[in-house]
Amino acid sequence: MMILTLLACIGSEPEKRPLDTEVGDTQPVVPCEGITAEVTELDPGDLASMLESKDFHFINVHTPYAGEIPGTDAHIPYNDVDALEEELGSLDAPAVLYCRTGPMSAQATKALVERGYCAIYDLPVGMVGWEQGGYELD
């Protein structure tokens with residue numbers, strides 16, 4: 001009987017719930033449930049507006065480090081997806097990623113979406129486009 005119980009547990013996945021739910025909640029909430037995971041592209045004006053009431057992770061993924069947009073929370077290389085996941089935590093954590101000209105952030109955002117993140121934004125014009133839009137870098 002004990003062997004059957006153990007076999008029944010093998011392969012079963014733990015219940016997924018966001019950090020703000022507690023064990024025993026009657027209907028656990030799964031992050032991103034019902035949301036199509038995709039990257040949302042921003043232009044410099046969109047990002048400037050979002051930064052006015054910042055409520056997201058703002059990550060520079062350019063490598064090597066080449067400066068940053070004011071308000072940046074972290075610098076994590078685009079190809080270190082595990083570190084990006086550690087920074088974000090929950091699958092529904094909103095994040096804006098950028099690099100110098102766009103390709104590195106495109107790779108990083110795509111990798112996060114493939115792992116199930118559903119609130120990922122990219123600045124495809126990067127720091128160069130940010131400056132061309134009339135904004136400054138740190």
Side-chain angles (χ1 to χ4, degrees):
M1 188 67 160
M2 188 169 164
I3 293 174
L4 290 175
T5 304
L6 288 174
L7 288 175
C9 292
I10 295 174
S12 66
E13 293 185 29
E15 175 183 19
K16 295 180 183 177
R17 54 189 164 78
L19 298 175
D20 62 345
T21 61
E22 295 184 23
V23 175
D25 282 354
T26 56
Q27 294 185 350
V29 177
V30 179
C32 305
E33 187 172 12
I35 299 172
T36 302
E38 61 187 12
V39 176
T40 301
E41 293 185 348
L42 303 172
D43 64 34
D46 295 331
L47 178 56
S49 294
M50 289 175 68
L51 285 168
E52 289 177 11
S53 59
K54 187 172 171 287
D55 63 349
F56 55 90
H57 296 269
F58 192 32
I59 305 169
N60 178 354
V61 296
H62 187 76
T63 188
Y65 181 80
E68 62 189 39
I69 296 171
T72 298
D73 298 314
H75 175 252
I76 301 171
Y78 74 99
N79 55 355
D80 192 349
V81 183
D82 291 337
L84 289 168
E85 282 189 302
E86 187 175 316
E87 173 73 18
L88 297 179
S90 175
L91 291 175
D92 59 356
V96 175
L97 278 58
Y98 70 92
C99 62
R100 181 137 179 82
T101 59
M104 291 180 187
S105 63
Q107 288 182 44
T109 56
K110 180 181 179 207
L112 288 171
V113 166
E114 287 174 352
R115 291 188 182 194
Y117 286 83
C118 59
I120 303 298
Y121 299 83
D122 181 22
L123 181 67
V125 298
M127 291 184 281
V128 169
W130 176 258
E131 283 186 300
Q132 290 173 348
Y135 303 98
E136 297 196 12
L137 296 176
D138 278 345

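These figures come from a predicted structure and were not determined experimentally.
Rounding to the nearest 0.5 Å gives a distance of 13.5 Å between NE2 of His62 and CG of Leu97.
Pairs engaging residues 123-136 under the salt bridge (charged side-chain N to carboxylate O under 4.0 Å, His left out) rule: none recorded [sequence neighbours left out]. Listed by first and then second residue, the salt bridge (charged side-chain N to carboxylate O under 4.0 Å, His left out) pairs involving residues 62-72 amount to none (not counting sequence neighbours). Evaluation of the ring-ring contact (aromatic ring centres under 6.0 Å, His included) test over residues 73-96, restricted to residues two or more places apart or in two chains, returns Tyr65-His75.
Residues Leu84 and Ile59 have side chains in contact (heavy-atom distance under 4.5 Å, counting atoms from C-beta outward). Annotation: side chain of Ile69 is not in contact with side chain of Tyr135 (no heavy-atom distance under 4.5 Å). Side-chain contact check for His57 versus Val96: every heavy-atom pair is 4.5 Å or farther apart.
Looking at Asn60, its side chain never comes within 3.5 Å of a backbone N or O of Ile76 through a donor-acceptor pair.
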Query raised in the report: Step by step, would you call Asp122 with Lys110 a salt bridge (Lys or Arg N to Asp or Glu O under 4.0 Å)?
Result: CA-CA 9 Å; Asp122 181 22; Lys110 180 181 179 207; over 6 Å; no
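By the side chain to side chain contact (heavy atoms under 4.5 Å, CB included) test, Asp43 is found to be paired with Asp46, residues two or more places apart in sequence or in another chain being considered. Scored by the ring-ring contact (aromatic ring centres under 6.0 Å, His included) test, Phe58 finds Phe56, Tyr98 as partners (sequence neighbours excluded). Judged as a side chain to side chain contact (heavy atoms under 4.5 Å, CB included), and not counting sequence neighbours, the contacts of Glu38 are Thr36.
Summarising the geometry of Arg115 relative to Leu91, their closest heavy-atom pair is O-CD2, 3.8 Å, with the distance given to 0.1 Å.
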